[in-house]
Q: 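The structure under discussion is supplied below as structure tokens; questions concerning it will follow.
In what follows, every chain begins at residue 1, and chains take the letters A, B, ... in the order their sequences are listed.
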Protein chains: 2
Amino acid sequence: MLYGVHLEKSVIQKSGEIDVNKKKQQTEQTKKKIADAARALFAQKGYKATSIEDIVKATGCSAGNIYYHFKNKEGLFLYLLEEWNTEWDKRWLDKQTLYPTTIDKLYGMAEQLALDQLNHPLTKAADEFFNNSEKAPDVEERIHEMVKGYLDFNQQLLQGGIDNHEFETTNVTGLAIILDSLMLGLNQHSRRMERAEALETYRLAMDVFLHGIAKPTRTR
Amino acid sequence: MLYGVHLEKSVIQKSGEIDVNKKKQQTEQTKKKIADAARALFAQKGYKATSIEDIVKATGCSAGNIYYHFKNKEGLFLYLLEEWNTEWDKRWLDKQTLYPTTIDKLYGMAEQLALDQLNHPLTKAADEFFNNSEKAPDVEERIHEMVKGYLDFNQQLLQGGIDNHEFETTNVTGLAIILDSLMLGLNQHSRRMERAEALETYRLAMDVFLHGIAKPTRTR
DNA sequence: TATAATACTGAATAAAAGTTCAGTGTTATA
DNA sequence: TATAACACTGAACTTTTATTCAGTATTATA
């Protein structure tokens, strides 16, 4: 039987310029195809509610093929989480330098998260995945590290702002959680927003985080 | 066969004081038992990940009995959502009067949410439930109303603060979403906290929401 | 060109989960 | 006390889902 997939590409390498192994190329391609579909589905429907069959339908490739490229559903999900992490780090490293102050960095982070569509590592699916009793022993640890890593990221960012004298605050750990909570909640709401609206809301959230809404007279 | 349940209670009504129908009493009791177990499980594991079998194990009553009291899993979940809503409204009505200013009300709300354990109507399970394609046509509408109701609640609260001249802000709708996002995110994080830590974090979040963290000089 | 390695298919398997239902006690009604 | 209505059981039924595997097509290797 003929697979339609095999007919495309592979013509590009007229001579021997970037003549990578065709099989590796193919593997990368379908692995990406599966990952992309799965990422969207997990983010939209959650972990448990996304079936292999869903991914089969979305990709057009067979169930067996998915298990050829990934150990199992859990492995696929874990792969996506770690991919997201490294991807985020990479993009952040690029952008970070553009922002002089910590405040600018925070707005930049919010923007990146808003534009990111299916975004936060602690997305609904990840949270569900984490909280779900049946956990391979090593898996839980890996996720715990991710959560911690994300909070550490926030904390360091905020600490930078304190060192810069941009903020005045003591409880940095608490604020890291607050900031993450805000982004986490916005992520859920933003799924029902247009891109522009999401951007605006994230920006407003950062306004609030930085400046609050109460008149400066009261309470404090 | 004897059901152990039937042996308890029913002795209380010595004469004919509050002699309610024994069957109604029994129905209420088991319905509550099922609801309580289901609520805890849904909140902990999520909607899809909680099976009827889980509820059977937690309650000790049979699967058939659950379907005797509730139309199906979806109906059970919906029942819990609406119960949460009315329950929240009731408690809020009691407390609300104790808080003179809107700022106090906001802190009060945060406290109530922090103490509430399994709390927010837009909890992980609800969100998962909502986003999950296969939705009975009427169900989606009912949930949509709930979400809207909750945002309206926030918005009215904030509007009160503006009318009182406690806040100065324009985008009330946006702020209602921000506030909800914050509570939503905190809800997820607070699952991994002790009661005291949760309370403190919620309070800090409200500090930030009201006053921000940046020095007043910058940006604005 | 022959052989091995690789990328896949698609149906089968098995476990899990939602739902139904015939039947059994228990309580209300007449 | 007899009969109807009710609360409930537990196993059977159906659907869904993750996972495996024997086999096929394609590509690399010798």
Q: Would you find a donor on one side and an acceptor on the other, under 3.5 Å apart, between the side chain of B:T30 and the backbone of B:K33?
A: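 Judged by distance alone, no pair lies under 3.5 Å.
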Q: To the nearest 0.5 Å, how far apart are CG in A:D207 and CD1 in A:I103?
A: 10.5 Å
Q: B:Y67 side chain: which of D:dA18, D:dC8, C:dT19 is closest?
A: C:dT19
Q: Could you state the CD1-P distance from A:I66 to D:dC21, rounded to the nearest angstrom?
A: 17 Å
Q: Which protein N or O atoms sit under 3.5 Å from an N or O of nucleotides 2-6 of chain C?
A:
| unit_1 | atom_1 | unit_2 | atom_2 | d |
| --- | --- | --- | --- | --- |
| C:dA5 | N3 | A:K23 | NZ | 3.1 |
| C:dT6 | O4' | A:K23 | NZ | 3.1 |

Q: Who passes salt bridge (Lys or Arg N to Asp or Glu O under 4.0 Å) against A:E28, sequence neighbours left out?
A: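 For A:E28 there are no salt bridge (Lys or Arg N to Asp or Glu O under 4.0 Å) partners, ignoring immediate neighbours.
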Q: What's the closest nucleotide to the B:S62 side chain, out of C:dA11, D:dG10, C:dC8?
A: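 That would be D:dG10.
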Q: Find the distance B:L76:CG to C:dA17:P and express it as a whole number of Å.
A: 16 Å
Q: Under 4.0 Å between a side-chain N or O of A:Q26 and OP1 or OP2 of C:dC8?
A: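 Indeed, a polar side-chain atom of A:Q26 lies that close.
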Q: Listed by chain and number, what are the salt bridge (Lys or Arg N to Asp or Glu O under 4.0 Å) partners of B:E197, not counting sequence neighbours?
A: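 Salt bridge (Lys or Arg N to Asp or Glu O under 4.0 Å) check on B:E197 returns nothing, list empty.
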Q: Give the nucleotide from the list C:dC8, D:dT19, D:dC8 with an atom nearest to the side chain of A:T30.
A: C:dC8
Q: Compute whether any side-chain donor of one residue and acceptor of the other, for B:S51 and B:D54, lie under 3.5 angstrom apart.
A: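 Per modelled atom types, B:S51 and B:D54 side chains form a pair under 3.5 Å.
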Q: I need the CD1-C1' distance between A:I34 and C:dT9, as an integer number of Å.
A: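 These atoms are roughly 13 Å apart.
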Q: A:K48 NZ to D:dA18 C1': how many Å, rounded?
A: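 Between C1' of D:dA18 and NZ of A:K48: 10 Å.
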Q: Once you round it to whole Å, what is the distance between C1' of C:dA17 and OH of B:Y47?
A: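 Taking atom C1' of C:dA17 as the reference, OH of B:Y47 is at 12 Å.
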Q: If the condition is side-chain contact (heavy atoms from CB on, under 4.5 Å), which residues does B:Q156 pass it with, not counting sequence neighbours?
A: none
Q: Without decimals, in angstroms, what is the distance between B:K45 NZ and C:dA17 C1'?
A: 12 Å
Q: For the helix from C:dT1-D:dA30 to C:dA30-D:dT1, measure the angle between the helix axis at one end and the axis at the other, each built from five pairs, rounding to 10°.
A: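 Rounded to the nearest 10 degrees, the bend comes out at 0°.
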Q: From the set C:dA11, C:dT9, C:dA7, return the single nucleotide nearest to any side-chain atom of A:A63.
A: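 For A:A63, the side-chain atoms sit closest to C:dA11.
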Q: Between B:N65 (CG) and C:dG25 (C1'), how many Å, whole number?
A: 13 Å
Q: Whole angstroms only, please: what is the NZ-C1' distance between B:K33 and D:dA7?
A: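 Going from B:K33 (NZ) to D:dA7 (C1'), I get 12 Å.
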Q: Without swapping roles, check the side chain of B:N154 against the backbone of B:A176 for a donor-acceptor pair under 3.5 Å.
A: yes
Q: Using the test salt bridge (Lys or Arg N to Asp or Glu O under 4.0 Å), find all partners of A:D152 that sit at least two apart in sequence or belong to another chain.
A: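 Only A:K148 meet the salt bridge (Lys or Arg N to Asp or Glu O under 4.0 Å) criterion with A:D152.
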Q: Only one of A:K31, A:R39, A:K90 clears salt bridge (Lys or Arg N to Asp or Glu O under 4.0 Å) with A:E83; which?
A: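 The salt bridge (Lys or Arg N to Asp or Glu O under 4.0 Å) with A:E83 is passed solely by A:R39 among A:K31, A:R39, A:K90.
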Q: Is any side-chain N or O of B:N21 closer than 4.0 Å to OP1 or OP2 of C:dT27?
A: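 So the side chain of B:N21 is outside the cut-off, no N or O lying under 4.0 Å from OP1 or OP2 of C:dT27.
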Q: With nearest nucleotides of DNA chain D determined for A:K71 and A:D54 from heavy-atom distances, which residue corresponds to the more 5′ nucleotide?
A: A:D54
Q: Looking only at side-chain atoms of B:K22, point me to the closest of D:dT19, C:dT20, C:dA28.
A: C:dA28
Q: Consider only side-chain N and O atoms of B:T201 and B:H189, and report whether a donor and an acceptor are under 3.5 Å apart.
A: no
Q: Taking only side-chain nitrogens and oxygens of B:N72, does any of them come within less than 4.0 Å of OP1 or OP2 of C:dG18?
A: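 Answer no for this pair, as no side-chain N or O of B:N72 is under 4.0 Å from OP1 or OP2.
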